[in-house]
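As the structure is a prediction and not an experimental result, all values here were calculated from the model. Numbering starts at 1 and runs along the sequence shown.
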Amino acid sequence: MGLASYIGCDIEIPIKDDEYSDEIFYIGCCFTGEFDLLNVKKYQFTTSYVYEVSSHWGIEISEYMNPKTCVESKKKLIELCEIMDSYFDKGDFFELYSCWVGEEAEKRDGELTLQINNFDIDQIEIPEKTLVRFEK
């Protein structure tokens, strides 16, 4: 079991099918299956499409994290926002949600809205089970 991160959006985006990639981050399955994607879509997201954001560990930014893992999560989040920004027009958005695999249908602990390319990565906290909406 691992911490998985998901994104939801209203456009189709290309995914990578190689779960054993050496890349630090990609959009495609790593930990989850179709059932997990359906649950996160049903219980957490408002969007048409759901994807796992894979990096062999989810994105979580909190004071309780191992400092090295927290730095990696910040890098992944910045890269994710850059990728998603390239797909979107003004007014579009995507949602991000991280939880332990199998907990996709559980109640979320918080919500946050950020501008996709206008936030201070060192001033935000995104613990597990927090839905984050990134708006362009």
> Would T47 and D10 satisfy side-chain hydrogen bond (donor to acceptor under 3.5 Å, both in side chains), going step by step from the backbone distance to the final call?
Replying inline: CA-CA 5 Å; T47 58; D10 286 324; 4.9 Å; no
> After noting the C-alpha distance and the side-chain angles of Y97 and S5, does the key distance pass the side-chain contact (heavy atoms from CB on, under 4.5 Å) rule?
Replying inline: CA-CA 6 Å; Y97 189 76; S5 291; over 6 Å; no
> Could you go step by step and tell me if L77 and L96 meet the side-chain contact (heavy atoms from CB on, under 4.5 Å) rule?
Replying inline: CA-CA 10 Å; L77 182 59; L96 171 71; 3.9 Å; yes
>> Does E103 form a side-chain contact (heavy atoms from CB on, under 4.5 Å) with E128? I'd like the steps, not just the answer.
In response: CA-CA 10 Å; E103 296 182 353; E128 65 180 88; 4.2 Å; yes
> Checking side-chain contact (heavy atoms from CB on, under 4.5 Å) for the pair L131/L112: CA distance, chi angles, key distance, verdict?
Replying inline: CA-CA 6 Å; L131 178 68; L112 178 64; over 6 Å; no
> Passes side-chain hydrogen bond (donor to acceptor under 3.5 Å, both in side chains), T46 versus E95? Steps please.
Replying inline: CA-CA 8 Å; T46 63; E95 297 168 319; 2.9 Å; yes
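Here the shortest heavy-atom pairing between G2 and W57 reads CA-CZ3, 3.9 Å. Summarising the geometry of V132 relative to L114, their closest heavy-atom pair is CG1-CD1, 4.0 Å, with the distance given to 0.1 Å. In terms of heavy-atom proximity, F93 sits nearest to R133 at CD2-NH2, 3.3 Å.
Contact check for Y6 versus E104: side-chain heavy atoms found under the 4.5 Å cut-off. Looking only at side-chain heavy atoms (C-beta outward), Y87 and C9 stay at 4.5 Å or farther from each other. Contact check for F94 versus F88: side-chain heavy atoms found under the 4.5 Å cut-off. Looking at K107 and Y43, their side chains never come closer than 4.5 Å, going by heavy atoms from C-beta outward. The shortest distance between side-chain heavy atoms of Y51 and L37 does not fall below 4.5 Å. By the 4.5 Å heavy-atom criterion applied to side chains, I83 and D85 are not counted as neighbours. Residues D36 and V101 are in side-chain contact: their nearest non-hydrogen atoms beyond the backbone lie under 4.5 Å apart. Annotation: side chain of K129 is not in contact with side chain of S98 (no heavy-atom distance under 4.5 Å).
In the hydrophobic clustering of ILVMFWY residues, with side-chain heavy atoms under 4.5 Å counting as a link, I116 and F119 come out together. Linking ILVMFWY side-chain heavy atoms closer than 4.5 Å, directly or via other members, places I13 and I78 in a single hydrophobic cluster. In the hydrophobic clustering of this structure, I126 groups with I121; members are Ile, Leu, Val, Met, Phe, Trp, Tyr whose side-chain heavy atoms approach within less than 4.5 Å, directly or through other members.
Residues E72 and K68 are paired through a salt bridge, judged by an N-O separation under 4.0 Å between the basic side chain and the carboxylate. Remark: K136 does not engage D89 in a salt bridge, criterion side-chain N to carboxylate O under 4.0 Å.
Every salt bridge (Lys or Arg N to Asp or Glu O under 4.0 Å) that K74 has, sequence neighbours left out, goes to D122. By the ring pair (Phe, Tyr, Trp, His ring centres under 6.0 Å) test, Y49 is found to be paired with no residue, residues two or more places apart in sequence or in another chain being considered.
Proximity of a side-chain donor or acceptor of S73 to a complementary backbone N or O of E60 within less than 3.5 Å is detected.
Here salt bridge (charged side-chain N to carboxylate O under 4.0 Å, His left out) pairs that include residues 45-56, with residues two or more places apart or in two chains, number zero.
Side-chain N/O atoms of T113 and E135 include no donor and acceptor closer than 3.5 Å.
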